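Have a look at the structure below, then the notes.
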Amino acid sequence: MMAMHRLRRNAIKLEGERSSALDLARGRLVLISAFFGLVYLVFAIRAFDLAVIQAFEMPYESEAVDVVEVEERTETRELSVVAKGRADIYDRNGELLATTLKTSSLYADTHLISDPEKTARELVEIFPKLSYGKVLHKLQSGRRFEWIERNIHPEKIDQVLRIGEPGLDFKESYRRFYPQGESTVHLVGYGDIDAQGLAGIERSFNNYLNEGRELHLTVDVRLQHILRRELESSIRKFEAKAGAGVIMDVTTGEVLAGVSLPDFDPHDPGHAEKDEIFNMLTLGVYELGSVFKIFSTAAFFENKDVPMSVTFDASEPIKVGRHTIRDYHAENRVLSAPEVFMHSSNIGSALMGQAVGTEKLRAFYKDLGLLDPVDFEVREVATPLVPQPWREINTLTASYGHGVSTTPLHLVTGVSSIVNGGYAVKPKLVLDETVSKTSTDVRVVSAETAQRIRQLLRLVVTEGTGSKAEVKGYRVGGKTGTAEKIVNGKYDNKKKISSFIGVFPMDAPKYAVYIMVDEPKGQKDTWGYATGGWVAAPAVARVISSMAAVLGIPPAPEGSAPNHFGDSLRQFVSAKEGGR
Amino acid sequence: MKVLKPRTFIVFAFAALSGALLLYTSQNVQDAQSRLEGYERSIESEKEKIRLLRAEWASLNRPERLERLANEFLDVLPPAPDQMVDRDAANFEIQPAVEFEVERDFEPVLQPVSAGGEVKSHAAPPAPKTKPPAPSREFREQEKKESKDFNKLIGEIGGQP
């Protein structure tokens with residue numbers, strides 16, 4: 001009993017100690033389990049979050065092509081990123097010339113296609129250009145990535161989705177789009193399937209555009225259209241092979257329009273013919289003929305201190321070695337300098353060239369940039385063909401534009417450099433507002449010579465071979481050029497290059513308009529003539545009159561002083577030989 | 001049984017609360033992020049649409065196309081050189097000023113004087129007496145042949161697979 005009591009008391013005592021230890025342990029257990037419970041709770045919430053909440057927000061991503069054709073995919077993706085950011089090209093007035101648009105291309109993961117025949121049939125219905133056999137072949141190829149059709153129209157995307165075939169999917173890509181189409185293709189250029197430039201500005205400014213920087217060109221799409229329209233109509237009328245034209249701001253060298261026909265659709269350069277892709281403006285080198293007399297005459301007056309009344313004996317052809325230089329519009333008499341120019345006398349110009357001398361004439365041509373590739377923003381430029389070695393006969397022929405072949409752009413630039421008052425200009429295609437509007441300060445001819453050439457150019461239109469270029473009130477001046485083409489090493493008098501360089505207004509030149517037509521054929525209403533005066537001069541007149549309307553250039557009122565610019569030269573023109 | 005001391009309880013409660021708050025915030029952030037992505041996507045697609053529309057606008061405004069449309073539908077031609085005068089140089093006759101009396105005590109009227117009496121607001125413009133000319137068949141054929149409308153142009157971009 002006693003022992004029992006003691007035991008109990010001990011137990012109670014023991015219980016007291018133990019209970020506090022137990023309490024402690026239990027408390028810790030609760031703590032730990034609460035901790036684990038909390039961790040589980042966190043896990044559960046996170047799992048719920050991932051599996052339920054985020055599952056609805058995550059867009060479904062097709063992973064079908066992940067492992068397949070990784071290389072192709074990453075490559076096109078990189079290019080696509082570049083193409084996406086490729087900047088737009090505008091004309092000088094902010095009209096869009098080139099932009100990048102998103103297009104979708106259709107591909108198939110053939111593993112996922114359950115019924116290739118049915119799918120192929122439906123696809124051919126949507127894309128009539130595809131052939132059933134080819135599509136079926138692709139769908140049965142077993143490959144996980146197979147292009148079906150590139151750059152499909154947004155409407156067709158819906159139709160393809162309606163097939164409901166999970167194996168058909170789209171890949172977005174970016175393509176260049178040229179709203180002006182053919183019109184500007186030889187300046188703006190075009191790109192490949194990944195929008196990387198292959199020609200023109202697209203090529204020479206490829207990286208610049210890829211960096212997302214916009215370009216403004218000096219081109220005016222309205223003038224471009226006018227020039228192209230008139231050139232095209234001349235080519236059609238005279239059944240010519242090709243043609244080229246330029247409108248240049250003579251004070252800055254800015255190319256306001258540049259056309260080379262035939263041209264092609266920049267969206268589909270793959271199907272363009274060789275002669276369509278060929279850019280006559282910068283790549284075509286031609287003996288441009290009498291338009292070169294502007295240069296030799298300028299060289300003559302620049303180097304010789306002579307009055308306008310100086311005369312040249314053009315009564316007989318010049319014979320140098322086995323060459324004979326004749327006149328096309330033969331006058332067979334002694335001609336004054338203005339007469340040489342307005343009648344486009346080869347003999348007279350050759351004599352001028354002879355008077356200047358080989359070294360000086362050559363140096364002068366070099367100063368005008370006629371002997372070097374033209375420095376232009378379009379990189380596809382040709383090197384002029386220059387006689388090697390340059391003998392005296394070459395000096396004579398070069399004076400009237402034979403024996404030296406240059407691009408049309410060379411010619412317009414050279415003429416601009418003279419008529420603008422004598423400051424050398426370079427052709428420009430990219431509009432740069434930071435460069436001052438005045439041209440470089442490199443003089444190629446004195447102001448006096450420039451003024452004389454202006455008067456002579458005006459005389460050609462009022463009295464000479466270029467009379468069809470006259471637009472009343474606009475004081476057009478210019479020079480015709482009719483050159484025979486060399487076929488198999490010989491001049492072929494059936495195949496001509498007929499051109500006209502027009503400048504207006506002649507008393508204060510602002511614009512040069514050049515039109516060149518390759519192999520025109522004489523027509524009934526031109527009395528069989530296909531010379532520069534008949535083919536190109538009227539086209540230049542039409543361009544100038546349309547241009548004036550677009551640019552809002554008012555004509556000089558009748559009887560006003562500017563309209564009589566160059567009249568003073570008439571005193572050197574013999575009366576009986578007036579008119580054309 | 002002292003399982004939890006009040007202080008511990010408070011700590012736990014606080015931890016749980018901040019945990020919940022954190023979850024809530026992170027959910028909000030995710031939500032906002034996905035909304036942001038949505039906005040960005042839609043901005044991108046709007047931008048793409050704008051590009052497309054600008055390209056279409058440029059394509060529809062090709063001088064060649066405008067010229068064709070103007071020739072067909074407008075009875076006007078570009079001004080010929082002899083129809084233009086230099087505004088600064090032209091000697092326009094200046095009409096002599098005519099003196100006329102102004103009635104001084106008039107009631108301010110809140111309607112056009114010329115309307116006289118009731119102003120017919122929102123009156124429909126008079127219907128043109130003649131219908132605008134329908135495009136000639138020739139034109140439509142020409143249009144079909146030459147006019148690459150924008151959709152066709154878009155369709156034409158690019159080559160074959």
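Fair warning: this is a prediction, and the values are worked out from it, not measured in the lab. All heavy atoms count here, side chains included; hydrogens, waters and symmetry mates do not. Letters A, B, ... mirror the listed sequences (proteins, then strands); counts begin at 1.
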Less than 4.5 Å to any heavy atom of chain A: does that hold for the side chain of B:L66, its backbone, both, or neither? neither
A:Y474: partners by ring-ring contact (aromatic ring centres under 6.0 Å, His included), with sequence neighbours left out: none
Approximate separation, where rounding is to 0.5 Å, of A:Q180 CD and B:R65 CZ: 12.0 Å
So, the part of A:L24 with a heavy atom under 4.5 Å from chain B: the answer is neither
Let me know if A:Y90 has heavy atoms under 4.5 Å from chain B in its side chain, its backbone, both or neither. side chain
Quick one: closest heavy-atom pair of A:K102 and B:E48, and the distance? N-OE2, 3.1 Å
Test side chain to side chain donor-acceptor pair (under 3.5 Å) applied to A:T99 - qualifying residues, sequence neighbours left out: A:D88, B:R51
For chain B, which candidate among A:R222, A:K472, A:E95, A:R229 shows the most heavy-atom pairs at distances under 4.5 Å? A:R229
Testing the 3.5 Å rule here: is there a donor-acceptor pair between the side chains of B:Q27 and A:D49? yes
Residue part contacting chain B, namely of A:V221, when any heavy atom lies under 4.5 Å: both
So for B:E44, is it side chain, backbone, both, or neither that comes closer than 4.5 Å to the heavy atoms of chain A? side chain
Roughly how far apart are B:R62 CZ and A:E182 CD, rounded to 0.5 Å? 8.5 Å
Heavy-atom distances under 4.5 Å only: say whether A:T100 touches chain B with side chain, backbone, both or neither. both
Identify the two heavy atoms, one from A:A549 and one from B:P78, that lie closest to each other, and give their separation to 0.1 Å. CB-CB, 4.5 Å
Would you mind telling me which of B:R54, B:E67, B:E37 has the largest number of heavy-atom pairs within less than 4.5 Å of chain A? B:E67
Who wins among A:L38, A:I544, A:L97, A:L96 for the most heavy-atom pairs under 4.5 Å with chain B? A:L96
